[in-house]
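First comes the structure, then the notes that go with it.
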Amino acid sequence: QVQLVESGGGLVQAGGSLRLSCTASRRTISSYAVGWFRQPPGKEREFVAAVSYSGRNVYYADSVKGRFTASRDNERNTGYLQMSSLKPEDTAVYYCAADPYGVGSRNANDYDYWGQGTQVTVSS
């Protein structure tokens, strides 16, 4: 069983930056892909980014491409989402998830483990 804990959310002004962390416990996630999803207020959960188990392959939603960077540190058992040039429409609860197939997926159903979520609020 993998337990994921996100941190790093908060309130930031438009144009600012935040870095989210996703730390795994109970088990290593070095063979898992790490995905990031978000759920804006009143909307459905959506894909943000995913990084393969090795970190070599990274995928982004078009809405965040060029502004967000997903990465991982397998020695620390942690994934990261660096968010820059934040916009009010980025306001959401952000979730990290682990996919045992390891290649990275845009489909939330491919992820077996999820964190509790962290709130990101971008003010205009």
Side-chain angles (χ1 to χ4, degrees):
Q1 194 80 354
V2 175
Q3 184 174 21
L4 302 174
V5 177
E6 300 100 337
S7 60
L11 173 64
V12 64
Q13 288 189 332
S17 299
L18 283 174
R19 188 176 82 155
L20 305 184
S21 298
C22 173
T23 300
S25 61
R26 300 184 182 175
R27 186 172 179 173
T28 179
I29 57 168
S30 60
S31 64
Y32 290 66
V34 175
W36 292 91
F37 294 79
R38 68 186 181 187
Q39 186 164 17
K43 297 184 179 181
E44 293 188 352
R45 183 175 52 190
E46 60 186 26
F47 170 77
V48 175
V51 56
S52 65
Y53 75 97
S54 65
R56 283 195 287 265
N57 297 307
V58 189
Y59 310 94
Y60 298 99
D62 288 343
S63 59
V64 306
K65 202 172 294 183
R67 300 188 298 122
F68 290 12
T69 302
S71 62
R72 65 189 299 155
D73 184 338
N74 285 340
E75 290 189 3
R76 296 179 183 272
N77 220 24
T78 299
Y80 302 99
L81 185 67
Q82 177 68 47
M83 306 184 295
S84 303
S85 302
L86 282 162
K87 304 175 182 180
E89 51 264 43
D90 294 318
T91 295
V93 178
Y94 283 72
Y95 299 89
C96 70
D99 167 15
Y101 287 100
V103 297
S105 171
R106 299 171 183 267
N107 188 342
N109 292 328
D110 290 334
Y111 293 83
D112 286 359
Y113 304 103
W114 291 81
Q116 83 288 352
T118 186
Q119 177 70 46
V120 171
T121 302
V122 184
S123 63
S124 57

- Shortest non-hydrogen contact from S124 to A14? CA-CB, 4.4 Å
- Do the rings of W114 and Y95 sit parallel, tilted or perpendicular, given the 30° and 60° boundaries? perpendicular
- Is the backbone of A108 close enough, under 3.5 Å, to the side chain of R45 for a donor and an acceptor to pair up by distance? no
- Message: Using the rule that Ile, Leu, Val, Met, Phe, Trp and Tyr join whenever any side-chain heavy atoms are under 4.5 Å apart, tell me whether Y53 and V58 fall into a single cluster.
- Response: no
- Once the angle between the rings of Y111 and F37 is folded into 0 to 90°, is it parallel (under 30°), tilted (30 to 60°) or perpendicular (over 60°)? perpendicular
- Message: Do R38 and V64 have side chains that approach each other closer than 4.5 Å (heavy atoms only, starting at C-beta)?
- Response: yes
- Query: For the residue pair Y59 and F47, is the inter-centroid distance of their aromatic rings smaller than 6.0 Å?
  - Reply: no
- Message: Are the side chains of F68 and D90 in contact, using a 4.5 Å heavy-atom criterion?
- Response: yes
- Message: Using every non-hydrogen atom in the two residues, find where N77 and I29 come nearest and quote the distance to one decimal.
- Response: OD1-N, 2.8 Å
- Message: Using the salt bridge (charged side-chain N to carboxylate O under 4.0 Å, His left out) criterion, which residues pair with K43? Sequence neighbours excluded.
- Response: none
- Message: Using 0.5 Å steps for rounding, measure from the CD atom of Q119 to the CD atom of E6.
- Response: 12.0 Å
- Message: Rounded at 0.5 Å granularity, tell me how far CG in D99 sits from CG in N109.
- Response: 11.0 Å
- Message: Given 3.5 Å as the limit, does a donor-acceptor pair link the side chain of T91 with the main chain of V122, or not?
- Response: yes
- Work out which heavy atom in D110 is nearest to a heavy atom in S105; give both atom names and the distance. OD2-OG, 2.6 Å
- Item | CD-CG distance between Q116 and L4, expressed to the nearest 0.5 angstrom | 9.0 Å
- Task: Flag yes if V51 and Y80 sit in one hydrophobic cluster, no otherwise; membership is Ile, Leu, Val, Met, Phe, Trp, Tyr, and two members link when side-chain heavy atoms are under 4.5 Å apart.
- Result: no
- Item | Atom pair OG/CG of S30 and N74 - distance to nearest 0.5 Å | 5.5 Å
- The single option from L11, V93, L20 that satisfies side-chain contact (heavy atoms from CB on, under 4.5 Å) with V120 is L20
- Item | Check: R106 side chain, Y60 main-chain N or O, donor-acceptor pair, under 3.5 Å | yes
- Item | Residues T78 and T23: side-chain donor-acceptor under 3.5 angstrom | yes
- Note on the structure: d(S52 OG, R72 CZ) to nearest 0.5 Å is 7.0 Å
- Results of salt bridge (charged side-chain N to carboxylate O under 4.0 Å, His left out) for E89 - residues two or more places apart only: none
- Message: Between V103 and N57, is there a side-chain heavy-atom distance shorter than 4.5 Å?
- Response: no
- Message: Less than 4.0 angstrom from a charged side-chain N to a carboxylate O is my criterion; do K65 and D62 meet it?
- Response: yes
- Task: Please report the C-alpha distance between R27 and Y32 in whole Å, then the side-chain angles of each, then the deciding distance to 0.1 Å, and finally whether the side-chain contact (heavy atoms from CB on, under 4.5 Å) criterion is met.
- Result: CA-CA 11 Å; R27 186 172 179 173; Y32 290 66; 3.6 Å; yes
- Pairwise distance CZ(R67) to OG(S85) - rounded to 0.5 angstrom: 7.0 Å
